[in-house]
Amino acid sequence: MRFIKHIQWLLLILISSTVYAEKATIAVATNFLPTLKTLVTQFEQQSDHQIIVSSAATGILFNQIQHGAPFDILLAADSQHPQLLTKRGLAIENTRFTYATGQLALAFSMTTTLGSDLQPADKKQQFTDAIKNSSGKIAIANPELAPYGIAAQESLKSLNLWVSIQSQLVKGTNVAQSHQFVATGNAELAFVALANVITKNSTENSTPHTTQLNYWPVPSNWHSAIQQQAVLLQSATNNQAAIDFIAFLKTNYAEKIIQQHGYKTADTLSMSY
Amino acid sequence: MISPEDFLAVTLTLKLAAITTVILLLLSTPLAWWLANTRTRIKPILEAIVALPLVLPPTVLGFYLLLAFSPQSPFGQFWLSVSGQSLAFTFNALVIASVIYSLPFVVQPLQAAFEQLSKPLLEAAATMGANKRDQFISIVLPLTKRSFITAASLGFAHTVGEFGVVLMIGGNIPGETQVLSIALYDKVEAMQYAEAHWLAGGLIIFSLVLLAFIYSLNRNHYLSSNRLSSTNTNSSNDRMIK
């Protein structure tokens, strides 16, 4: 299976890149931007196509696409928006697929007494204690706007803490802002995308203004899956660069990169079940 | 229709704008007076600093305020030790941000008005024994009344229209930091366009009425007044608004 995927991909590249090079514009949900940049670099090394990236919250990108924004691919942070685009005829039928499954993490400053170690046995207790003992603000992405916000809300509900922490809650417009609130030290705890903390810690040292963060991955069975779906938009019908990139996204090679950035992919998901 | 939460956002916005305007009038009057009369060489630099919020994107202010409000920064630490509460995500934080953000809209009309004041008039008053305070209340205030109204209205309206800064430092808490522009943004993002129309349309009408009020004030003044220095004062106010 893996082998076939590779072959397909190589064939596509060979056929398309030798014929002509094209440009494709990808609209991407902010949380996936750092990962996408890595993917694009790899993709462009292997093909003559050129990829332009535009990032914003999924809802904003959706609005822009509805009003004719010149995007070829949408990499959303959820599955609803790509679904809706397909339904409204703005995306090409049968191109929708889950390119990454987001993972939630609880982030906090390294200066707090909470350690980075999470005991596998009593995760529930550990999370509950950490949240109950906090006195500062707890940041989440807005559940009404962001899939990571819904996941955070569901996790807090499964811990029976949603009601009791209402007065401590602050909401970012997206999960990146939730991360920003804790990284600047304005929030004590924050539910963030695992991708946010992984990329941050590996690519960047702490500046004087940002806090080094520790994090605990939130068990994925505390919330419904954050399925980040991709879809080819109508303008990409004859755009070989866009079609090739989607094919690239499905290769094991790309999936590895996506996993390294803190997401699960079809592969890892089936293994974990 | 307007939901209770939206109504909360409306009252919060009006409260924020009112408090900001009062603070701005208290701060800006002496500042504008000093700027109008000073001969210091660094006056252009000071004027430029006051005007900065006019040209900077709100994200610049939002970014630095977020860092300043953090309990790790000296200012954030100071605030925490004085008030026992950290500053970000509070109404007080929005007031501080709004005062900075709307400062030029209040200082500039006042400064322009003060600069147009007749100096001989004040000197004459002084020779008749009026002290500074008397001069200000009996001469300066009546002559620049319209500029004060203009400055207050602009400061108020601009604070109501604040968005980017609040988005960055507010944390979207109903009744505390969720102002009208943020509530509207959420509605658009969540695709609740009907509710969004109520808020957006309401804001347009409110701003239109307020600006029309300011312009009518200046127009009446042109037509009716022949007071000392008044036309000059108002032409500079007009420039401010435009």
Side-chain angles (χ1 to χ4, degrees), chain A residues 29 56-64 66-67 77-78 80-81 84-85 88 109-112 134-147 149-150 165-174 176-188 190 206-212, chain B residues 3 5-6 9 58-59 62-77 79-80 84-94 96-97 163-179 181-193 195-196 200:
Chain A
T58 301
I60 293 180
L61 295 171
F62 174 83
N63 273 333
Q64 291 174 346
Q66 273 201 309
H67 293 101
D78 65 359
Q80 279 104 317
H81 285 99
L84 219 54
L85 286 173
R88 295 191 183 172
S109 158
M110 276 187 183
T111 57
T112 60
S134 70
S135 53
K137 294 292 181 190
I138 300 171
I140 66 171
N142 191 338
E144 280 167 39
L145 309 178
I150 298 174
I165 61 145
Q166 282 301 314
S167 62
Q168 284 171 271
L169 214 55
V170 290
K171 295 172 191 164
T173 50
N174 55 37
Q177 202 183 17
S178 176
H179 177 265
Q180 175 195 324
F181 286 159
V182 71
T184 55
N186 286 301
E188 186 176 340
S206 160
T207 68
H209 290 300
T210 59
T211 320
Q212 276 284 44
Chain B
S3 68
E5 201 168 271
D6 294 341
T59 37
F63 174 57
Y64 282 119
L65 286 178
L66 198 63
L67 296 183
F69 290 168
S70 161
Q72 289 147 16
S73 82
F75 178 73
Q77 241 163 27
W79 187 275
L80 190 64
Q85 207 192 4
S86 75
L87 195 48
F89 318 122
T90 62
F91 182 75
N92 290 333
L94 296 198
I96 293 175
F163 172 67
V165 182
V166 184
L167 187 74
M168 289 183 74
I169 61 166
N172 206 351
I173 303 168
E176 178 84 21
T177 59
Q178 193 186 74
V179 296
S181 56
I182 301 288
L184 172 61
Y185 177 77
D186 283 359
K187 304 253 185 270
V188 176
E189 282 261 276
M191 291 185 279
Q192 300 168 327
Y193 291 151
E195 289 98 327

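Numbered from 1 within each chain, the chains take letters A, B, ... in sequence-line order.
Within a 6.0 Å radius of CD in B:Glu5, other residues, nucleotides and ligands contribute 12 heavy atoms or fewer. The number of heavy-atom neighbours closer than 6.0 Å to OH of B:Tyr64, taken from other residues, nucleotides and ligands shown, is 12 or below. For A:Glu144, the CD atom counts as loosely surrounded, since its 6.0 Å shell holds 12 or fewer non-hydrogen atoms of other residues, nucleotides or ligands.
In this structure A:Thr173 satisfies the side-chain hydrogen bond (donor to acceptor under 3.5 Å, both in side chains) test together with A:Gln177, sequence neighbours excluded.
Looking at A:Ile60, both its backbone and its side chain come within 4.5 Å of chain B, counting heavy atoms on both sides. With a 4.5 angstrom heavy-atom cutoff, A:Gln80 does not touch chain B via any of its atoms. With a 4.5 Å cut-off on non-hydrogen atoms, A:Ala139 does not touch chain B at all. Heavy-atom distances place no part of B:Phe63 under 4.5 Å from chain A, backbone and side chain included. For chain A, no part of B:Ile182 is nearby; none of its heavy atoms comes within less than 4.5 Å. With a 4.5 angstrom heavy-atom cutoff, A:Leu84 touches chain B only via side-chain atoms.
Atom OG1 of residue B:Thr90 and atom NZ of residue A:Lys137 lie 8.0 Å apart, to the nearest 0.5 angstrom. Atom OH of B:Tyr185 sits about 10.0 Å away from atom CG of A:Asn142, to the nearest 0.5 Å. Interatomic distance, B:Asp186 CG to A:Lys171 NZ, rounded to the nearest 0.5 Å: 8.5 Å.
When side chains are defined from C-beta on, A:Asn186 counts as touching B:Pro71, because their heavy atoms get closer than 4.5 Å. Annotation: side chain of A:Phe181 is in contact with side chain of B:Leu66 (closest heavy-atom distance under 4.5 Å).
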